[in-house]
Structures are given as structure tokens and as C-alpha cells.
Colleague: 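Okay, handing you the structure first.
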Amino acid sequence: MDFEKILFEKQGSVGIVRINNTKALNALNSQVIEELDAVFDLIAKDDDVDVVVLSGSGKAFVAGADIKEMILMNAMEGKEFGVAGANVFRKIELFQKPVIAAINGFALGGGCELAMACDIRIASAKAKFGQPEVSLGITPGFSGTQRLSRLVGVGIAKEMIYTAKVIDADEAYRIGLVNHVVEPEKLIDKALEMANVIAKNEQIAVRYSKECINRGLDTDMDTAIQFEASLFGICFSSEDQKEGMKAFLEKRAPKFKTK
């Protein structure tokens, strides 16, 4: 598929995805959502990519959903648009490979929701965050009511959503919405640095760890512990587990076959 609103490149074992709808501050319309879905399908099949960095072109990460498109929708069309976006974001959340959001500017509405679907969030000091949907007469539509409360707690999530307020990167860090805040010129380098650290580890173990965390958040503690134990046990059937532990004892870097 040829992309008009998405840029994709590879640097070693890291895939870099940039939303490129700059005339609308990378607003999410149906085309952007469709192309975002397609690029992650492409990456899923690419064995050379171990980690994904997701960012935006220009001044924004994603400034929200496209209001010019939404204003024309009826109730059914609005629901379908919300489901389409939520499904893609869920795909990213459950994506087998780790996804790091490099948030270069506005991450409002759908942009904040997209960032929250990623595993790790690194923000530029100039980034802005918010769920301002109620000021437009709608609720968050791409699972923002669910992920925000899980990330920052129910009280803070309700305050942000009910007031529609926009917060800066330092406040986002303080409440736990982002992992790191860096100067704008260091953002991509920081994301790539972290991505490369992750990519050096044994990738089946990384992916199993992601699955354990995600599954655990959606179930009770006892079930989650049993699931983790199962995947932990499966790891011992791999050659990479033997190599990793042997390398540790021999005080050398491991040579994993999953690389």
C-alpha cells in the first residue's frame, strides 16, 4: 500500500512511523486511521523490525481527530468512526513489538489517546496533552476514558476530561502520563536510544513480557500470575534462554538467534 499520510523508515531494527498530515496538524481522519492500521500490518510481517517509534511530522504529534470530517457525521457514522480508531489503537496497544511514542508537539484528543496506546511515551518539552472533547460536545472516542484513568488514576482522569484542560509536558510527567521529557532537538535520539536498548534484548522474552503486562491488566491477579508462569516456563524451551544465561555466567554479551 502506498501511504499519503504516513511516513515509514527503518534504522537498523527500529521502524520509525510518522503521521504526516501536517496541513491539519496531523489530525486523525479516516484516511490517516486506515493508513496507520496498514503500516502496523506491514511492520508485523517485517522480521527485521523489533521496536517501533511513533511520532508526528512538523509541529504536532496529533492535534486531535479531524473536526472538519466529524462535523458532518450522524450518530451511526460517529460510532463507526470511533470504533475504527479504537480498533487501530487497540492493535497498537496489543502489537507484538514494543511501540515508543515520541511526542513532538500537540497530543490532544485522539493524539493523546494514540500516545496512551503505545507502550512508552517520551515527550518533547514543548508537547501539550489533553482530552478536550467535552468542549466540542462529544466524549473521548478512541478509548481515552479507559486508558487515561488506568495511567494516571481515576480522579486526575476525570478532572482532565471534565474540564477539557490542556497540560504541558512537565505536568504530564508529574501525573505519570509520560515516561520522560526531553528538549525538542533530543526527542528522536532519545526514542531511538531506548528502542535500540530494547532491540538488543531477546525479542521473544520482550514480547512475552508485553503480553503478560497487557493480559494482567485485563484480569485478576491470580489468573495473571498463572499466565506469567506459563510464558516464563516456555522461555526455558528456547536456545536463546540457554545462550543468555551462559553469556551472563561467562561475562560476555549474548548472541541471540532472534536478532
Side-chain angles (χ1 to χ4, degrees), residues 3-6 17-41 54-57 60-95 99 101 103-119 121 123 127-167 171-172 175-178 214 217-218:
F3 301 117
E4 295 180 1
K5 302 295 185 180
I6 297 288
V17 176
R18 286 186 174 89
I19 297 173
N20 189 41
N21 188 24
T22 54
K23 290 184 179 180
L25 293 176
N26 297 330
L28 298 171
N29 57 28
S30 297
Q31 181 181 0
V32 174
I33 290 170
E34 180 181 346
E35 291 189 12
L36 191 61
D37 188 39
V39 76
F40 273 89
D41 283 344
L54 176 61
S55 193
S57 297
F61 178 69
V62 169
D66 191 338
I67 295 173
K68 289 182 179 179
E69 181 177 359
M70 289 194 296
I71 197 171
L72 302 174
M73 295 178 181
N74 60 32
M76 182 58 68
E77 291 166 337
K79 180 180 179 180
E80 290 172 352
F81 183 61
V83 168
N87 285 346
V88 176
F89 291 8
R90 184 64 169 162
K91 174 183 286 188
I92 293 170
E93 185 172 45
L94 299 179
F95 199 62
V99 183
I103 304 155
N104 53 304
F106 292 113
L108 304 176
C112 188
E113 290 167 309
L114 176 58
M116 290 190 292
C118 298
D119 295 289
R121 286 157 292 283
K128 303 289 185 182
F129 300 83
Q131 299 289 162
E133 288 89 348
V134 298
S135 68
L136 302 173
I138 57 175
T139 67
F142 298 152
S143 309
T145 58
Q146 303 308 303
R147 291 195 181 94
L148 188 60
S149 57
R150 284 166 168 80
L151 280 170
V152 305
V154 173
I156 294 174
K158 287 181 175 180
E159 179 181 347
M160 286 183 63
I161 292 170
Y162 297 174
T163 65
K165 70 178 181 179
V166 174
I167 62 173
E171 178 67 3
I175 65 176
L177 184 55
V178 301
N214 285 338
L217 289 171
D218 291 334

Colleague: Which heavy atom of M73 sits nearest to which heavy atom of F81, and what is that distance?
Modeller: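 In terms of heavy atoms, the two residues are closest at CE-CG, 3.5 Å.
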Colleague: Output yes when a side-chain donor or acceptor of Q131 lies under 3.5 Å from a complementary backbone atom of M160, and no otherwise.
Modeller: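 A pair under 3.5 Å: no.
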Colleague: Going from CD on E34 to CG on N29, what distance comes out if it is rounded to the nearest 0.5 angstrom?
Modeller: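 So the gap between those two atoms works out to 10.0 Å.
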Colleague: With a 4.5 Å limit on heavy-atom distance, are the side chains of I6 and I19 in contact?
Modeller: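 When only atoms from C-beta onward are counted, I19 and I6 do touch, with a gap below 4.5 Å.
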Colleague: With a 4.5 Å limit on heavy-atom distance, are the side chains of L36 and L54 in contact?
Modeller: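 Answer yes - side chains close enough.
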Colleague: Is any side-chain heavy atom of V32 closer than 4.5 Å to a side-chain heavy atom of N26?
Modeller: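 No, side chains not in contact.
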Colleague: How close do V152 and G176 get, counting heavy atoms only, and between which atoms?
Modeller: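 Nearest pair, atom of V152 first, then G176: CG1-C, 4.3 Å.
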Colleague: Is a side-chain donor or acceptor of N104 paired with a backbone partner of G56 at a separation under 3.5 angstrom?
Modeller: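 Yes, because the side chain of N104 sits within donor-acceptor range (under 3.5 Å) of the backbone of G56.
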Colleague: Is the CD1 atom of I71 crowded by more than 12 outside heavy atoms at less than 6.0 Å?
Modeller: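 No.
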Colleague: Spell out, as yes or no, whether a donor-acceptor pair under 3.5 Å connects the side chain of E69 to the backbone of S30.
Modeller: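 Such a contact is found between E69 side chain and S30 backbone.
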Colleague: Could you tell me which non-hydrogen atom of R121 sits nearest to which non-hydrogen atom of C118, and how far apart they are?
Modeller: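 Heavy atoms of R121 and C118 come nearest at NH1-O, 2.8 Å.
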Colleague: Please find the pair of heavy atoms, one from F40 and one from K91, that lie closest to each other, and give the distance.
Modeller: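 Distance-wise, the nearest heavy atoms are CB-CD, 4.4 Å.
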Colleague: Please report the shortest heavy-atom distance between E77 and L72, naming the atom on each side.
Modeller: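 Closest approach of E77 to L72, heavy atoms only: OE1-O, 3.8 Å.
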Colleague: Please check if the number of heavy atoms outside F89 that lie under 6.0 Å from its CZ is greater than 12.
Modeller: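 Atom CZ in F89 is packed in, count exceeds 12.
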Colleague: May I ask you to test the C112-L177 pair for a side-chain heavy-atom distance under 4.5 Å?
Modeller: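 Heavy-atom side-chain distance check passes, below 4.5 Å.
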Colleague: Taking the side chain as C-beta and beyond, is there a heavy-atom pair between D66 and M70 under 4.5 Å?
Modeller: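 In short, these two side chains do not touch, never coming nearer than 4.5 Å.
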Colleague: Kindly compute the distance separating CD (Q146) from CZ (R150), expressed to the nearest 0.5 Å.
Modeller: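 So the CD of Q146 and the CZ of R150 are separated by 5.0 Å.
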Colleague: Is the shortest heavy-atom distance from the side chain of I175 to the side chain of F129 under 4.5 Å?
Modeller: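 Result no, sub-4.5 Å side-chain heavy-atom pair not found.
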Colleague: Any donor-acceptor pair under 3.5 Å linking the side chain of N21 with the backbone of K5?
Modeller: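 No: the side chain of N21 does not pair with the backbone of K5.
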Colleague: How close do F61 and A101 get, heavy atom to heavy atom, and via which atoms?
Modeller: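 F61 and A101 have their closest heavy atoms at CZ-CB, 4.3 Å.
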Colleague: Would you say that E93 contacts M116 through its side chain, given a criterion of any heavy-atom pair below 4.5 Å between the two side chains?
Modeller: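 Result no, sub-4.5 Å side-chain heavy-atom pair not found.
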Colleague: Looking at side-chain heavy atoms only, is the closest gap between E113 and V62 below 4.5 Å?
Modeller: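 In short, these two side chains do not touch, never coming nearer than 4.5 Å.
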Colleague: Look up atom CG in L28 and atom CG in L114, then write down how far apart they are to the nearest 0.5 Å.
Modeller: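 Going from CG on L28 over to CG on L114, the span is 6.5 Å.
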Colleague: Look up atom CD1 in I67 and atom CD in E133, then write down how far apart they are to the nearest 0.5 Å.
Modeller: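 Interatomic distance, I67 CD1 to E133 CD, rounded to 0.5 Å: 9.5 Å.
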Colleague: Between R90 and D218 (salt bridge meaning N to carboxylate O under 4.0 Å), is one present in this structure?
Modeller: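 Yes.
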